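One structure below.
Lettering of chains follows the sequences in order, A, B, ..., and the numbering in each one begins at 1. All values derive from a computational prediction rather than experimental measurement.
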Amino acid sequence: MLLHSYHEKLAENINHTLNVLHVPTHDAPSLIAMMVRPPSPEKGDLSIPVFKLAPNGQNPAAFAQQLVHHLKTTELFSKFDAAGPYVNVFFNPQTYAQKIIENAGSVPPVPGKDVEPVMIEYASPNTNKPLHVGHLRNLALAESMIRLFSHNGKKVIRAQVINDRGVHICKSMLAYEKWGRSTTPESTGMKSDHFVGKWYTEFTKHAETNPALEEEAQAMLVKWEQNDTHVRELWKKNNEWAIKGMFQTYARMGATFDVNYYESEFYQNGKDIVMQAYEKGLLKKADNGAIIVPLEKFGLPDKPVIRGDGTSLYFTQDIYLAMKRFHDYPTLERIVYVVASEQEMHFKQLFATLKLLGVPQAEKCYHLGYGLLTLPSGKMSSRAGTVVNADELMDELVQMAVEEYNKRNPELSTSEIARRANVIALSALKFYLVKQDAKKELVFDPKESISFDGQTGPYLLYTTARILSILRKSTHTLDVHAANLLTLPTEKMLLTILSKKDEVIAAALRNYSPHVLGHYLLDLANTFNTYYHETKIIQENEKLEKARLALANAIRQTLEEGLYLLGIETLREM
RNA sequence: GCCCCAGUAGCUCAGCCUGGAUAGAGCACCUGCCUUCUAAGCAGGGGGUCGUGGGUUCAAAUCCCAUCUGGGGCGCCA
């Protein structure tokens with residue numbers, strides 16, 4: 001980390017001075033923990049409140065004065081200043097600015113051969129309807145975590161479970177068979193997953209007035225389980241359409257998968273595992289014969305794993321699947337399940353059950369939950385028809401961006417407009433989805449998500465394009481060695497923000513919180529735009545211009561790197 | 001009843017993990033700024049009992065306890 005050496009040296013320096021003053025010293029880590037950033041760069045680069053350093057009874061402000069008086073400037077620290085009970089420290093601007101700028105261009109480590117991989121499970125689609133905007137929150141969050149892990153030198157395995165069986169799938173199949181058998185996605189010109197979803201909707205509509213349809217769907221599921229040739233054929237066709245369409249949506253979002261687990265291939269597989277556990281006396285049996293996992297000692301409700309009729313549950317396959325993954329990838333460092341927080345209990349129970357069954361990797365499982373996505377009008381409901389479809393939303397965003405181009409840059413070719421509009425639309429969407437704390441509910445306001453003003457992806461793209469334009473326009477090349485000329489308050493502010501980059505990225509990863517990175521980028525872009533308006537980068541003083549170009553370029557690199565980590569592509573020109 | 005999450009400006013949210021200097025953005029509203037590096041921009045203005053009550057501390061939006069409100073979840077759904 002950029003600041004690390006400064007922290008250490010400052011701690012040394014302070015302890016030395018405390019010694020001189022015959023005041024108790026502190027170990028370096030606790031001194032470093034006390035250090036804070038001053039509220040504004042003019043006050044210094046680093047600050048330490050002296051409440052805990054001052055000897056008993058001494059006024060902290062007076063002690064701060066005394067400390068400052070005795071602290072010695074060094075090659076790293078050019079000035080100390082007492083401000084009330086704070087000692088503010090100024091770093092040597094000659095070297096600090098240059099280090100910050102160079103750090104902006106540093107490249108992340110490449111994963112070593114023997115790095116333990118991290119598996120991220122996300123998306124978890126059903127094959128009865130197309131993806132909706134809730135899935136997009138999942139994809140955006142997961143993609144960002146994937147890139148943060150990779151940035152940190154981890155190898156990432158992208159995985160999804162495709163829920164391709166069950167009564168909901170049969171509903172769509174049944175409706176198709178009853179009312180649409182002569183049609184196909186091709187004949188109707190529909191995207192294939194939308195086609196499947198249409199029949200699911202048809203089913204729901206008809207089932208309201210014809211309850212017998214529910215029973216028919218159940219009967220179809222039984223036939224499916226009995227491997228009925230006709231039902232299986234229908235199912236295969238249905239799933240191919242659904243999955244093909246979903247992968248098209250994934251491709252648009254930039255989501256890819258290394259492993260696809262199809263529920264239909266293992267939905268009965270947990271049974272033997274739990275039956276063995278039952279025989280070992282780890283599980284209990286209910287009056288009706290159901291097998292229950294006792295979880296009192298984990299502070300959780302008990303969980304059935306085998307129904308009274310002997311069939312297994314989704315939970316049971318999840319036990320199997322977790323074990324399978326640790327078997328297939330024995331060096332897995334962890335599995336991150338990116339799944340809505342409605343399922344928090346499911347995962348708590350799952351991880352506790354793995355522990356109970358003696359699976360040593362139980363500790364390596366983590367549920368990254370995220371809040372429900374709601375609309376300004378309330379929760380999305382497929383019955384009320386208020387589900388915001390993923391493809392349609394993306395189309396709408398692209399269309400908005402195209403209209404902006406037709407207004408602003410009508411001279412561009414339609415293909416270039418299409419290309420740029422696509423990048424801008426995706427930046428708007430993805431940034432909107434990751435800029436907010438994942439655990440909070442997200443009110444998805446389509447109008448606001450489409451807006452390109454304010455705290456948005458397009459704002460960040462605009463800022464990077466603006467910097468690139470300056471770099472192109474200047475007749476000079478940047479020079480980091482001139483960085484000591486960057487002395488304006490806003491330049492100091494920009495350097496301070498840049499200096500936080502690594503800690504922000506580290507925090508985003510550690511706390512599974514890409515949004516902190518999002519807000520950081522907004523702060524950086526915002527401050528740069530202020531700078532842009534108040535200061536000329538290209539001007540008569542060549543040396544100064546080279547310094548400012550170096551700063552601008554460092555900002556550009558940081559914005560691009562940050563956006564990349566959020567899964568967002570940038571443009572050279574807006 | 002129990003568990004989890006949220007409550008900060010009219011609205012949408014940062015800040016809380018790891019306490020520190022006057023609580024920050026965006027949207028909306030009002031006023032300015034394009035013959036000069038991209039105005040998808042910038043500057044300024046109004047707007048806050050940080051849900052409430054206690055406690056800990058030199059210091060609390062941040063930690064602890066209680067409480068209210070909203071959302072989600074809780075043995076044979078996925």
Side-chain angles (χ1 to χ4, degrees), chain A residues 33-34 36 38-40 43 47-49 51-52 54 59-60 83-86 88 124 126 163 166-168 263 284 286 288-295 299-309 311-315 317-318 340-346 348-349 369 371-372 374 376 379 401 404-405 407-409 424 428 435-437 439-443 445 447-448 451-456 458-459 461-463 465-474 507 510-511 513 515-516 518-520 522-523 525-526 529-539 545 548-549 552 573-574:
Chain A
M34 286 179 213
V36 292
S40 71
K43 290 196 164 69
S47 181
I48 182 153
F51 302 101
K52 287 171 187 148
N59 177 290
Y86 296 87
N88 292 332
S124 8
N126 287 306
N163 300 293
V167 71
H168 53 297
E263 192 197 349
K284 60 186 188 186
N288 68 347
I291 305 291
I292 313 284
V293 187
L295 294 171
L300 295 168
D302 291 351
K303 181 75 191 176
V305 281
I306 304 286
R307 291 190 186 90
D309 66 6
T311 57
S312 65
L313 292 98
Y314 187 88
F315 187 85
Q317 357 159 346
D318 241 7
S341 44
E342 302 158 35
Q343 308 224 25
E344 189 183 307
M345 184 65 85
H346 171 87
K348 278 185 176 168
Q349 290 177 316
L372 199 71
T374 59
K379 196 172 169 174
E404 284 297 313
Y405 270 113
K407 265 186 267 170
R408 294 166 198 273
N409 310 67
I424 288 172
K435 78 174 173 197
Q436 189 175 319
D437 191 345
K439 69 169 175 281
K440 289 194 175 187
E441 284 183 15
L442 177 63
V443 179
D445 183 343
K447 216 172 87 193
E448 192 192 318
S451 158
F452 297 151
D453 299 322
Q455 301 173 321
T456 63
Y459 174 75
L461 295 199
Y462 177 72
T463 308
R466 192 178 231 183
I467 295 172
L468 281 166
S469 165
I470 296 168
L471 293 170
R472 277 195 301 269
K473 215 149 251 183
S474 171
R510 186 178 63 247
N511 301 326
S513 295
H515 77 281
V516 305
H519 283 271
Y520 171 78
L522 287 171
D523 187 25
N526 209 299
N529 281 320
T530 301
Y531 180 60
Y532 172 88
H533 281 276
E534 69 186 19
T535 316
K536 287 275 169 219
I537 291 171
I538 297 173
Q539 35 73 54
E545 179 167 327
R548 288 179 175 172
L549 289 173
E573 292 173 278
M574 277 293 264

Quick check for you: among [options], whose closest atom lies nearest to any side-chain atom of [X]?
X: A:E448; options: B:rC76, B:rU12, B:rA21; value: B:rU12
X: A:H533; options: B:rC42, B:rA78, B:rC17; value: B:rC42
X: A:V443; options: B:rC42, B:rG20, B:rU12; value: B:rU12
X: A:P301; options: B:rC74, B:rA78, B:rU38; value: B:rC74
X: A:E344; options: B:rC74, B:rC37, B:rC4; value: B:rC4
X: A:I292; options: B:rG75, B:rC42, B:rC4; value: B:rG75
X: A:I424; options: B:rU22, B:rA40, B:rC42; value: B:rA40
X: A:H519; options: B:rA78, B:rA14, B:rC58; value: B:rA14
X: A:E342; options: B:rG73, B:rC77, B:rA21; value: B:rG73
X: A:I470; options: B:rG75, B:rG20, B:rU38; value: B:rU38

side-chain N/O [X] vs [N] OP1/OP2, d < 4.0 Å:
X: A:K473; N: B:rU38; value: yes
X: A:K536; N: B:rU36; value: no
X: A:H515; N: B:rG15; value: yes
X: A:Y532; N: B:rA39; value: yes
X: A:Q436; N: B:rC13; value: yes
X: A:R466; N: B:rG41; value: no
X: A:T530; N: B:rA43; value: yes
X: A:K440; N: B:rA14; value: yes
X: A:R408; N: B:rU38; value: no
X: A:Y459; N: B:rC42; value: yes

With a 3.5 Å cut-off and no angle check, do the side chains of [X] and [Y] form a donor-acceptor pair?
X: A:S474; Y: A:E545; answer: yes
X: A:R466; Y: A:N529; answer: yes
X: A:H168; Y: A:N163; answer: no

Any-strand Watson-Crick or G-U partner of [N], both distances under 3.5 Å:
N: B:rC42; value: B:rG32
N: B:rC17; value: none
N: B:rC63; value: B:rG55
N: B:rC2; value: B:rG73
N: B:rU22; value: none
N: B:rC27; value: B:rG10

Looking only at atom [atom1], what distance separates [N] and [M], rounded to whole Å?
N: B:rG24; M: B:rG45; atom1: P; result: 13 Å
N: B:rC33; M: B:rA23; atom1: P; result: 32 Å
N: B:rU52; M: B:rC68; atom1: P; result: 15 Å
N: B:rA43; M: B:rG55; atom1: C1'; result: 45 Å
N: B:rC2; M: B:rC65; atom1: P; result: 16 Å
N: B:rG53; M: B:rC17; atom1: C1'; result: 25 Å
N: B:rU67; M: B:rG19; atom1: P; result: 26 Å
N: B:rC58; M: B:rA14; atom1: C1'; result: 28 Å

With distance as the sole test, does [X] use its side chain to make a donor-acceptor pair with the main-chain N or O of [Y] at under 3.5 Å?
X: A:Q349; Y: A:P301; answer: yes
X: A:R548; Y: A:K536; answer: yes
X: A:D309; Y: A:T311; answer: yes

Considering every strand and a 4.0 Å limit on heavy-atom distances, what is the contact class for [X]: base, sugar-phosphate, or nothing?
X: A:S47; answer: base
X: A:G308; answer: base
X: A:T535; answer: base
X: A:P38; answer: base
X: A:N288; answer: base
X: A:Q343; answer: base
X: A:M574; answer: base
X: A:E573; answer: base

Is a donor-acceptor pair below 3.5 Å formed from side chain [X] to base [N], judging by atom type as modelled?
X: A:D309; N: B:rC76; answer: no
X: A:N88; N: B:rA21; answer: yes
X: A:R510; N: B:rU18; answer: yes

Quiz item: Looking only at heavy atoms, which two atoms of A:I424 and A:Y405 are closest? And how far apart?
Solution: CD1-OH, 3.4 Å
Quiz item: Considering all heavy atoms of both residues, which atom of A:S47 and which atom of A:P38 are nearest to each other, and what is their separation?
Solution: CB-CG, 3.9 Å
Self-check item: Anti or syn - B:rC33, cut at 90° from 0
Solution: anti
Interatomic distance where [atom1] belongs to [X] and [atom2] belongs to [N] [whole Å]:
X: A:N529; N: B:rA39; atom1: CG; atom2: P; result: 9 Å
X: A:K348; N: B:rC5; atom1: NZ; atom2: C1'; result: 10 Å
X: A:E263; N: B:rC77; atom1: CD; atom2: C1'; result: 12 Å
X: A:Y405; N: B:rU38; atom1: OH; atom2: C1'; result: 11 Å

Quiz item: Below 4.0 angstrom, N of the basic side chain to O of the carboxylate: do A:E404 and A:K407 qualify?
Solution: yes
Self-check item: Closest-nucleotide 5' rank along RNA chain B - winner of A:D453 and A:V516
Solution: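 Nearest-nucleotide comparison on RNA chain B picks A:V516.
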Practice problem: Let me know, please, whether A:S451 or A:P39 comes out on the 5' side of the other along RNA chain B by nearest nucleotide. | Solution: A:P39
Practice problem: Just do the side chain to side chain contact (heavy atoms under 4.5 Å, CB included) check on A:H346 and A:Y314 with the steps written out, would you? | Solution: CA-CA 10 Å; A:H346 171 87; A:Y314 187 88; 4.0 Å; yes
Practice problem: Would you please determine if the base of B:rG20 is stacked by A:F51, with stacking meaning a centroid separation under 5.5 angstrom and planes under 30 degrees? | Solution: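 Yes.
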